[in-house]
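Count residues from 1 along the sequence. Values below: all heavy atoms of this structure, side chains included; hydrogens, waters and symmetry mates excluded.
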Amino acid sequence: MLNLVFEPDTGPLRRILRGFISEAPGGRTIPELKRYTLLETVYQPGKVIDAVRQLRNAGAVTTAPRAINTKTRVHLAATPPAPSPSAEQGALW
């Protein structure tokens with residue numbers, strides 16, 4: 001039996017975007033993040049807003065303004081969240 005997953009795990013995309021945002025002291029805009037996602041990852045640019053929202057909810061980034069749209073600038077949070085072990089690590093041990 002084949003198990004199909006219609007929504008990919010965006011954990012790797014969140015890590016990639018967080019790293020990309022960290023390279024810009026002034027933060028990144030949503031269009032910059034979407035373009036980077038299109039050209040440098042296997043994810044669809046449409047996943048960026050959900051990933052940014054999840055990063056913000058986890059306390060990893062801040063957004064200005066709070067509503068996420070094409071004019072939103074995303075910055076790293078002042079204090080990064082405590083790292084949590086990934087599901088991948090648990091499977092290895």
Peer 1: Taking Gly27's backbone N and O only, do any of them form a donor-acceptor pair with Arg73's side chain (distance below 3.5 Å, no angle check)?
Peer 2: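 Flag set: sc Arg73 to bb Gly27 pair under 3.5 Å.
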Peer 1: Taking all non-hydrogen atoms of both residues into account, name the closest pair between Gly59 and Ala77 and its distance.
Peer 2: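 Nearest heavy atoms, Gly59 then Ala77: O-CB, 3.0 Å.
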Peer 1: Considering residues at least two apart in sequence or located in another chain, which fulfil the salt bridge (Lys or Arg N to Asp or Glu O under 4.0 Å) criterion with Arg53?
Peer 2: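 Testing Arg53 for salt bridge (Lys or Arg N to Asp or Glu O under 4.0 Å), a comparison that skips the adjacent residues, returns Asp50.
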Peer 1: Are Val42 and Val52 linked, directly or through intermediate hydrophobic residues, by side-chain heavy-atom contacts shorter than 4.5 Å (ILVMFWY only)?
Peer 2: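 In one cluster with Val52: Val42, yes.
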Peer 1: Using modelled atom types and a 3.5 Å cut-off, is there a donor and acceptor pairing between side-chain atoms of Arg28 and backbone atoms of Leu17?
Peer 2: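 Absent.
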Peer 1: Any chance you could measure Ile16, atom CD1, to Ile21, atom CD1, to the nearest 0.5 Å?
Peer 2: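 Interatomic distance, Ile16 CD1 to Ile21 CD1, rounded to 0.5 Å: 12.0 Å.
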Peer 1: Once side chain to side chain donor-acceptor pair (under 3.5 Å) is applied, do any residues pair with Asn69, and if so which ones, sequence neighbours excluded?
Peer 2: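 Asn69 satisfies side chain to side chain donor-acceptor pair (under 3.5 Å) with Thr72 once adjacent residues are dropped.
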Peer 1: How far apart are the closest heavy atoms of Tyr43 and Asp9, and which atoms are they?
Peer 2: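 It is OH-O, 2.8 Å.
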Peer 1: Search all heavy atoms of Leu76 against all heavy atoms of Ser22 and return the closest pair with its distance.
Peer 2: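 That would be CD1-CB, 3.3 Å.
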Peer 1: Any chance you could measure Tyr36, atom OH, to Thr41, atom OG1, to the nearest 0.5 Å?
Peer 2: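 Between Tyr36 OH and Thr41 OG1, I get 8.0 Å after rounding to 0.5 Å.
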Peer 1: Quick one: closest heavy-atom pair of Gly26 and His75, and the distance?
Peer 2: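 Shortest heavy-atom separation between Gly26 and His75 comes out as O-CE1, 2.9 Å.
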Peer 1: Indicate the atoms forming the closest heavy-atom contact of Thr10 with Gln54, along with that distance.
Peer 2: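 Minimum heavy-atom separation between Thr10 and Gln54: OG1-OE1, 3.4 Å.
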Peer 1: Check whether any side-chain heavy atom of Thr62 lies under 4.5 Å from a side-chain heavy atom of Val74, and answer yes or no.
Peer 2: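 Counting from C-beta outward, Thr62 and Val74 never come under 4.5 Å.
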Peer 1: Would you give the length of the straight line joining atom CG of Leu38 to atom CD of Gln44, rounded to the nearest 0.5 angstrom?
Peer 2: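 Interatomic distance, Leu38 CG to Gln44 CD, rounded to 0.5 Å: 10.0 Å.
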Peer 1: Considering only heavy atoms from C-beta outward, does the side chain of Arg56 approach that of Ile68 to under 4.5 Å?
Peer 2: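 Sidechains of Ile68 and Arg56: in contact.
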Peer 1: Taking Glu32 for its side chain and Thr29 for its backbone only, find out whether a donor-acceptor pair lies under 3.5 Å.
Peer 2: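 Looks like yes, one N/O pair under 3.5 Å.
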Peer 1: Quick one: closest heavy-atom pair of Lys34 and Ile49, and the distance?
Peer 2: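 Residues Lys34 and Ile49, closest heavy atoms: NZ-CD1, 4.1 Å.
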